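Down below is the structure, laid out as structure tokens.
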There are 2 protein chains.
Amino acid sequence: MAYRKTPAEIRRLEAARERLVACATEVVAEVGWAQASVSAVADAAGIAAGSVYQHFPSKAALAVEVFRLAAGREVEVLGEVLHAPGEPVERLSRAVEVFARRALENRGLAYALLAAPAEPAVGAERLEFRRRYRSLFAEAVQEGMASGRLPRQNGEITAAALSGAIGEVLVDPLGAPESSAVEELVAELTAMTLRCVGAPHN
Amino acid sequence: MAYRKTPAEIRRLEAARERLVACATEVVAEVGWAQASVSAVADAAGIAAGSVYQHFPSKAALAVEVFRLAAGREVEVLGEVLHAPGEPVERLSRAVEVFARRALENRGLAYALLAAPAEPAVGAERLEFRRRYRSLFAEAVQEGMASGRLPRQNGEITAAALSGAIGEVLVDPLGAPESSAVEELVAELTAMTLRCVGAPHN
DNA sequence: GGAAGCTATGAATGATGGTTCACTTCTTTC
DNA sequence: GAAAGAAGTGAACCATCATTCATAGCTTCC
């Protein structure tokens, strides 16, 4: 025996991997999936193209990790807001607001997560995360119906509509980076959300 | 002078071109943009790969034409329904119903038009057509507001939300081809639409 | 110091798929 | 029927990247 990974070495490797993922995320946010070639990402991380394969078996695997991490953060935030105490309708409204603000804060990434053309593996992941968004929304809508504050409806469909609606509304401003109107956008989006779920017009 | 295209020949060429577009549309509807290679499309049309370039300068140009024709039909239908006489809200509801039924009727194509990953040129075209859907919806929402039947709102945003919502709701059933529940889906979708624009709960 | 075993490199490799082009086939005109 | 010119062919070409691999450089441990 003449070599064993020392803890420090292991940490170094993990850090390198994390750094790679972080840089890849930035590249994707800036230029989109299509332009984020292995060498572009490697360059951004300051390593050789071949070294990417020390950490990931394929480009697709790296892309999926990038997506999972970034999208996972959003799901988590959304979940926290939606599971906070309070009225379901109020929580929904807050969730949409938070989601929108975060997306507008980091437009490039939001676009990559929501809509940008991507390789099939990422596309599949996107479907999965949409399902999660939808479940979270659906839960809140169910609660609202259960407590009689929302009219009878198919919660799953409303939830799907809601996530589609939010995505579409955000994606367009996402393209054109002028947004002094963030506040108005957020206000309209939450208002639309409330109408969409059938909350009583204040 | 020893050769001039005879009218019949011109017609033959146009027909060949149309046939190519039609076959390409079918291929795209069946296997998606990514799998619709030039040779696959040429095979489907019964011509050689090289012959595609007699009619189009590039694959992208053909893809754009396929998209434009198919999406154009939908915009036209939507426009007709939305511009028909009657209450704006009623027209909106009818439009969503017609749109949904047509999409569910031809799922593959609808998915290709709405959501399937595509090359950048097609993506740009998709944005353009979304804008058109949105304008059509926005018009109806404006009218509804003008006649006092819909609450004050930003019609453009509502319209964007509406098209995003409809797309999202349709795309999932579009993936899984089991739909005995078309009727329920359509009913829920129109109900959601009415809530979304703020139509008075019947 | 040096052997063993790992990580890092980046040029070479390979697969994919759009595009070209020398050639064949068909149409027109005389 | 033959010349002129267009359309049609499909194998070869080429560009783009993801991936590999022989090599170099480090770390560990005795």
Side-chain angles (χ1 to χ4, degrees), chain A residues 1-21 23-24 27-28 31-67 116-123, chain B residues 1-21 23-24 27-28 31-67 116-123:
Chain A
M1 175 208 31
Y3 185 94
R4 283 199 51 163
K5 276 181 198 165
T6 200
E9 190 66 359
I10 290 175
R11 252 178 282 124
R12 192 184 62 78
L13 284 173
E14 275 172 8
R17 188 190 144 106
E18 275 169 34
R19 178 178 160 65
L20 173 55
V21 172
C23 291
V27 172
V28 166
V31 302
W33 301 100
Q35 307 285 332
S37 65
V38 170
S39 43
V41 166
D43 282 358
I47 63 178
S51 302
V52 168
Y53 292 84
Q54 302 277 345
H55 302 287
F56 294 93
S58 70
K59 180 193 166 152
L62 168 57
V64 165
E65 176 114 349
V66 165
F67 189 95
E119 58 215 294
V122 170
Chain B
M1 178 215 13
Y3 185 93
R4 281 197 56 162
K5 277 182 198 164
T6 199
E9 189 67 358
I10 291 174
R11 252 178 281 124
R12 194 183 62 78
L13 283 173
E14 275 172 9
R17 188 191 144 107
E18 275 169 33
R19 178 178 161 65
L20 173 56
V21 173
C23 290
V27 171
V28 167
V31 302
W33 301 100
Q35 307 285 331
S37 65
V38 169
S39 42
V41 167
D43 281 0
I47 63 177
S51 301
V52 168
Y53 293 83
Q54 301 276 344
H55 302 287
F56 295 93
S58 69
K59 181 193 166 151
L62 168 57
V64 165
E65 174 112 353
V66 164
F67 189 97
E119 57 215 293
V122 170

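The figures here come from the full heavy-atom set of this structure, side chains too, leaving out hydrogens, waters and symmetry mates. Quick note on labels: first sequence line is chain A, next is B, and so on, each numbered from 1. Values in this document were obtained by computation on a predicted structure and should not be read as measured data.
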Report task. Please name the pair of heavy atoms, one in B/Y53 and one in B/S58, separated by the smallest distance, quoted to 0.1 Å. Result -> CE2-CA, 3.9 Å
Query raised in the report: Within this structure, what is the CD-to-P distance between B/E14 and D/dA7, rounded to whole angstrom?
Result: 13 Å
Report task. Given side chain to side chain contact (heavy atoms under 4.5 Å, CB included), test A/E65 with A/R17 step by step and report yes or no. Result -> CA-CA 11 Å; A/E65 176 114 349; A/R17 188 190 144 106; 2.9 Å; yes
Query - Residues from residues 33-43 of chain A lying under 4.0 Å of DNA chain D - heavy atoms - result: A/S37, A/V38
Requested in this report: Indicate for each nucleotide in nucleotides 7-14 of chain C, in 5' to 3' sequence, whether protein heavy atoms under 4.0 Å reach the base (B), only the sugar-phosphate (S), or nothing (-).
Outcome: SBBB----
Report summary line: Minimal heavy-atom distance between B/V52 and B/L62, with the atoms involved, is CG1-CD2, 4.2 Å
Requested in this report: Identify the two heavy atoms, one from B/A63 and one from B/E119, that lie closest to each other, and give their separation to 0.1 Å.
Outcome: CB-OE2, 3.5 Å
Report task. Please report, rounded to the nearest Å, how far the P atom of D/dA7 is from the CD1 atom of B/I10. Result -> 10 Å
Requested in this report: Find the distance between CD (A/E18) and CZ (A/R11) and round it off to the nearest 0.5 Å.
Outcome: 12.0 Å
Query raised in the report: Where do B/V21 and B/F56 land on the side chain to side chain contact (heavy atoms under 4.5 Å, CB included) test, with the steps shown first?
Result: CA-CA 10 Å; B/V21 173; B/F56 295 93; 3.6 Å; yes
Could you tabulate the donor-acceptor pairs under 3.5 Å formed by side-chain atoms of residues 34-49 of chain B, not counting sequence neighbours?
{"from": "B/S37", "atom 1": "OG", "to": "B/S39", "atom 2": "OG", "distance (Å)": "3.4"}
{"from": "B/S37", "atom 1": "OG", "to": "B/A40", "atom 2": "N", "distance (Å)": "3.2"}

Requested in this report: Among the candidates D/dA18, C/dT20, D/dC29, find the nucleotide nearest to the side-chain atoms of B/Y53.
Outcome: C/dT20
Report summary line: When rounded to whole Å, the CG to C1' distance for the pair A/L62 and D/dC17 reads 15 Å
Requested in this report: Output yes when a side-chain donor or acceptor of A/T6 lies under 3.5 Å from a complementary backbone atom of A/E9, and no otherwise.
Outcome: no
Requested in this report: Rounded off to whole Å, could you give me the CD-to-C1' distance for the A/E119 and D/dT16 pair?
Outcome: 15 Å
